Structures are given as C-alpha cells and as structure tokens.
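Please read these numbers as outputs of a predicted model, since none were measured by experiment.
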Protein chains: 2
Amino acid sequence: MTVSKDVSGGVALWRRIADAIRLDIVGGKLASGDRLPTEAFLAERFSANRHTVRRALAVLAEEGVVGAEQGRGTFVRSARRLSYPIGRRTRFREGLKGQAASLVSQGLSHRIENATAAVAAALGLKPGAKVVRTESLSIADGRPISRSTTWLPYRLFPDFAERIARLQSTTAVFASYGIADYARASTRISARHADVEETKLLGLAPGAILLVSEAVDVDSEAIPISYALSRFPAERMELVV
Amino acid sequence: MTVSKDVSGGVALWRRIADAIRLDIVGGKLASGDRLPTEAFLAERFSANRHTVRRALAVLAEEGVVGAEQGRGTFVRSARRLSYPIGRRTRFREGLKGQAASLVSQGLSHRIENATAAVAAALGLKPGAKVVRTESLSIADGRPISRSTTWLPYRLFPDFAERIARLQSTTAVFASYGIADYARASTRISARHADVEETKLLGLAPGAILLVSEAVDVDSEAIPISYALSRFPAERMELVV
DNA sequence: TCGATTTGTCTAATACACTAGACAACTAAT
DNA sequence: ATTAGTTGTCTAGTGTATTAGACAAATCGA
C-alpha cells in the first residue's frame with residue numbers, strides 16, 4: 001500500500017504558508033512595520049486559495065507576528081529570533097543578556113531517580129546511580145523560549161533542587177557548591193516536532209518545530225556535573241556556535 | 001464529539017505519529033532488528049485509530065525505516081542518525097568519516113553573482129561585490145544528507161567551480177589555492193520545514209524538518225573565505241558541537 | 001492441529017482542509 | 001465624491017484525515 005502522490009506530507013498547506021511567512025519575518029527578510037504582500041499576491045505565490053492564505057495569516061496574527069488592517073494591508077508586528085551562543089564556556093543567562101529585558105526560569109519539578117543508561121553514560125556514572133532530575137521552563141519577555149530537563153549526580157549535588165529554587169541561576173548554584181568554573185564538554189543538536197506537553201508549556205501552535213540540544217557540562221577537572229536536554233522553539237531561538 | 005479547538009496545528013496525526021516513532025529509532029531507543037509495539041498498542045499509546053497508526057507505519061516503511069511482516073509484527077530496518085561534529089576546525093568529509101561507507105558530493109550548479117547584503121556581511125565584502133555561488137548535494141551510502149549553498153569571494157577563488165568539480169573536497173580546493181588551513185568563525189543553527197525543492201532533492205517526505213546551518217570559514221589570517229548555508233534532514237543528521 | 005496474536009483489506013460515516021466565487025467594509029489617492 | 005485596491009464575511013462543493021467495526025491471512029507456540 002503506497003502512500004500515493006501526497007504532496008502535503010501530512011502538513012496542512014495553511015501551516016506551510018504560515019511557516020514560510022514567519023521564516024521571512026524572524027529571519028529578517030521582513031522588518032517590523034513592513035507591509036506584507038497582499039493576500040491575493042500571496043495566494044498566487046503559494047499556488048493556494050486566498051482563504052488558505054488568510055488562515056495562515058490568522059495563525060500568525062494570533063501569535064502576534066503580524067496584524068491585519070482592513071483596507072490597508074497586513075503588517076509585521078514583531079520580532080526577531082533570540083540567539084543563544086554555544087561554546088566551550090556556555091552560560092544560558094549570560095548568553096541571552098541584552099537580547100531580552102526579562103529572563104525568568106521556572107522550576108517545574110525536581111526529583112531523585114536512578115540514572116537510565118543514557119543519563120549514566122552522559123554523566124560518567126554507573127547505570128542506576130542516583131541522580132537529581134529537574135524540569136524547568138525559561139521565559140524571555142513573557143515568551144517561553146526553552147523547556148529543559150537536567151540531570152546531575154546526586155552524590156555531588158544532593159540538594160540542588162532547593163538551591164536552584166533560591167538562586168535561579170545554574171551557574172550560581174554550581175558556585176555555591178564550590179565550583180568556580182565549568183565548561184561545555186559536548187552539545188548535540190537535533191530538531192523535531194513539539195509533542196503535546198511541550199506545545200502547551202511553550203505556548204506554541206501544535207506541530208511547531210523544536211531545536212533540541214543535549215549538553216554535558218564538566219568541572220575544571222573534566223568531571224561531568226550536568227546533563228541537560230533542552231528544547232527551544234525554532235521560531236523564537238537560534239543557536240550560534 | 002464536538003472538536004472544541006484545533007489540536008492538530010495543521011500537522012496530520014499520522015505524520016506526528018510517524019515522527020514520534022522515527023525519533024525513537026534514529027535516536028537510538030529502538031535498535032535495528034527490534035520489534036515495534038503492535039499496531040493496537042501504538043493506537044492506544046497515541047490515542048489514535050489503528051488505521052491512523054498504520055498510515056504512519058506505511059510512511060516509515062516507504063522510507064525504509066521499518067518493515068511490517070504479516071502475522072509477526074513490524075520491525076526496525078535502519079539506522080541511526082549521522083553525527084556531524086562542528087568546532088573550530090570543521091571539515092565535512094573528515095567529520096563523517098567512519099560513519100558512512102560512501103560519501104559523494106554532487107555539484108548542482110555554479111555561477112558568479114553580486115553579493116546580497118547578507119552574503120556581503122558574512123564575507124566582509126561590499127554589497128554587490130562579485131562572489132562565486134555553488135549549489136551542492138551530499139549523499140552518504142545512497143541517502144542524501146545535505147543540501148548546501150556556498151558563497152566565496154570571486155577575487156580569491158575565480159575558478160572555484162572547476163576545481164571543486166575536479167577535487168570533490170572543499171578542503172582540497174582551498175589547499176590548491178594555497179590555503180593550508182582554515183577555521184570555522186561562526187555557525188548559526190536553526191530549524192524549519194523543507195520546501196518543495198529540498199523535499200525532492202533530499203528524497204524526503206514533504207513537510208520533513210531540516211536543520212539549517214549558516215557557517216563562515218576564515219583563513220589563518222581571519223579573512224572570510226566562504227559562507228555556507230547548509231540544510232540537513234533532521235531525521236538523518238544531528239550536529240555535535 | 002488448534003488457538004492466540006498480529007498484520008492486511010474492506011466498507012462506511014464524520015470532521016477538516018482546500019477551492020471557488022461573490023460581495024461588503026474600509027483606506028488612500030485622485 | 002469617485003475609484004482602485006485591500007481585508008472581512010458568507011455560501012457551497014470536493015477531497016483528505018480520522019474514526020469505527022468486521023473479517024481475512026499469516027505466524028508461532030502449545
């Protein structure tokens with residue numbers, strides 16, 4: 001049973017159009033305040049019906065990316081992507097400094113569990129070793145920009161949960177444990193669609209694309225101290241190496 | 001059953017299911033030869049009808065990722081993602097060595113054009129300066145893994161097109177110009193859906209996700225020598241920093 | 001061989017995606 | 001005030017996505 005000549009690939013046309021227009025905006029081809037081409041023109045450009053284009057624009061309007069004004073046109077309202085610099089010395093809050101007025105990190109949950117094979121391998125522990133797992137959400141200027149799961153060796157950071165709640169910054173918590181400096185050992189980057197939970201927490205349209213980074217940080221003696229699995233909405237963030 | 005809000009986000013359920021299963025496979029949760037859960041189980045897990053799950057599996061079968069066998073089950077056929085290491089010294093062919101038996105680069109087209117603002121900025125040229133632009137496709141073990149557009153200063157590499165056709169490797173061409181070493185100055189990583197042309201060239205299901213990297217390489221004196229815009233199918237490649 | 005399990009095929013009903021055309025409401029320039 | 005151009009709304013028809021149920025065909029172990 002072949003999947004005949006399905007040109008849509010399971011992604012609705014209105015969504016592909018919305019993605020394409022959003023890409024022009026967050027990628028900088030269209031600046032804030034610019035007028036978009038008319039609905040008729042866009043319909044032509046995407047070989048679609050005007051109604052289909054209108055649906056795409058309605059989605060973008062809901063996101064706050066564009067706004068339509070009857071009789072005048074549709075205009076770009078916001079907003080470029082944030083750039084998160086990744087290197088040997090990667091610091092989340094520091095890296096985004098200056099790009100957003102406010103940056104809030106929310107702890108969602110903390111618990112102690114036994115390391116799975118993957119987590120153990122990343123942290124250089126034996127499978128089953130006790131680890132602290134924290135789930136968190138970061139919000140820049142009111143827009144969620146990352147959803148992270150972090151694992152740390154329980155032996156080194158038994159009360160990580162309490163400290164991160166108090167200090168907010170991971171760097172500050174490490175410092176409170178006497179780790180003055182730490183470095184990024186490896187970052188693995190992939191991309192996929194958001195699942196239902198991520199969609200809700202990050203305030204995305206279902207089916208949005210996430211950049212996924214798996215990062216291992218090590219202390220000054222190259223001992224792994226954290227393994228983080230972070231998901232960034234591709235429409236709001238880009239990673240710069 | 002009234003559908004209160006659009007929960008699909010314009011991405012069909014069968015596609016989201018296919019993406020989720022593929023993710024388990026290319027991400028390593030399911031190894032080659034493993035049996036997948038039964039269709040009935042997957043239908044339960046994704047809160048979908050068995051027919052919908054079957055459509056997802058049909059797509060994956062067409063991609064060669066799984067194969068169904070009547071009466072027995074559905075089995076994983078291939079293959080983990082390739083990892084492309086990115087760092088100060090980034091070499092495409094070298095980075096993938098050992099991960100694929102064959103790695104072929106196809107030149108699609110070459111031409112000389114005037115630099116756009118973005119290209120000029122990346123290469124440190126004046127807008128409108130002459131640049132060589134090459135379009136290429138890389139194929140590992142018969143599967144396309146990247147679609148790249150590269151711009152180089154015409155002044156430095158007037159006959160880049162001929163040399164890359166002969167030497168295949170970018171590193172080798174640079175060497176032929178007397179550039180013994182070069183380094184990665186910056187890499188910008190984002191993600192988006194593939195467009196129609198990319199879908200065809202890369203042999204993807206329409207609506208597939210691409211990892212997009214914008215990279216600038218510089219010579220030993222920090223002079224930009226190339227600006228490359230590469231698109232990698234997220235289901236076949238991951239980037240490791 | 002039998003029975004349980006699993007994939008393959010068929011029919012049918014409902015909701016959504018997309019197209020098509022027409023006209024209203026609003027804006028800006030002439 | 002008129003007109004051309006733009007977004008907003010309405011009706012309607014066709015194809016796809018998804019659900020539902022039933023049964024056939026193949027596999028495997030008891």
Regarding the side chain of Ala68(B), the nearest nucleotide among dC10(D), dG8(C), dA20(D) is dG8(C)

With a 3.5 Å cut-off and no angle check, do the side chains of Thr149(A) and Arg231(A) form a donor-acceptor pair?
yes

Any side-chain heavy-atom pair from Leu211(B) and Ile189(B) closer than 4.5 angstrom?
yes

Counting the atoms with a prime plus P, OP1 and OP2 as sugar-phosphate, which does Thr52(B) contact under 4.0 Å by heavy atoms, base, sugar-phosphate, or nothing?
base

Could you state the atom-to-atom distance from CZ of Phe41(B) to P of dA4(C) in whole Å?
22 Å

For atom CG of Asn49(A) and atom P of dT14(D), their distance in whole Å
16 Å

Does either side chain, that of Ser105(A) or that of Ser138(A), offer a donor lying less than 3.5 Å from an acceptor on the other one?
yes

salt_bridge(Arg22(A), Glu63(A)) N-O dist < 4.0 Å:
yes

With no hydrogens and no angle check, do the side chains of Glu238(A) and Tyr84(A) hold a donor and an acceptor under 3.5 Å apart?
no

Measure from CZ on Arg54(B) to P on dA25(D) and round the result to the nearest Å.
15 Å

Is any side-chain N or O of Arg50(B) under 3.5 Å from a base N or O of dG21(D), one able to act as donor and the other as acceptor?
no

What is the distance from CZ of Phe46(A) to C1' of dT19(C), rounded to the nearest Å?
17 Å

State whether the distance check finds a donor on one side and an acceptor on the other, under 3.5 Å, for side chain His51(A) versus base dA20(C).
yes

Contacts of Asp34(A) that satisfy side-chain hydrogen bond (donor to acceptor under 3.5 Å, both in side chains) - sequence neighbours left out:
none

How would you label the contact of Ala40(B) with the nucleic acid (heavy atoms, under 4.0 Å): base, sugar-phosphate, or nothing?
nothing

Could you give the CD-to-P distance, from Glu39(B) to dT9(C), as a whole number of Å?
11 Å

I need the CG-P distance between Leu57(B) and dT9(C), as an integer number of Å.
14 Å

I want to verify a distance call: between dT19(D), dA17(D), dT6(C), whose nearest atom is closest to the Trp14(B) side chain?
dA17(D)

What's the CG-C1' distance between Leu13(A) and dG15(D), to the nearest Å?
14 Å

For nucleotides 24-30 of chain C, give me every protein contact, N/O to N/O, under 3.5 Å, one pair per line with atom names.
| from | atom 1 | to | atom 2 | distance (Å) |
| --- | --- | --- | --- | --- |
| dA25(C) | N3 | Gln70(A) | NE2 | 3.0 |
| dA28(C) | OP1 | Arg72(A) | NE | 3.0 |

Rounded to whole angstroms, how far apart are CZ on Arg15(B) and C1' on dT16(D)?
16 Å

Partner of Glu198(A) under side-chain hydrogen bond (donor to acceptor under 3.5 Å, both in side chains), picked from Arg147(A), Arg192(A), His193(A), is Arg192(A)

Side-chain N or O of Arg55(B) less than 4.0 angstrom from OP1 or OP2 on dT18(D)?
no

Reckon Thr74(A) has a side-chain N or O less than 4.0 Å from the OP1 or OP2 of dT7(D)?
yes

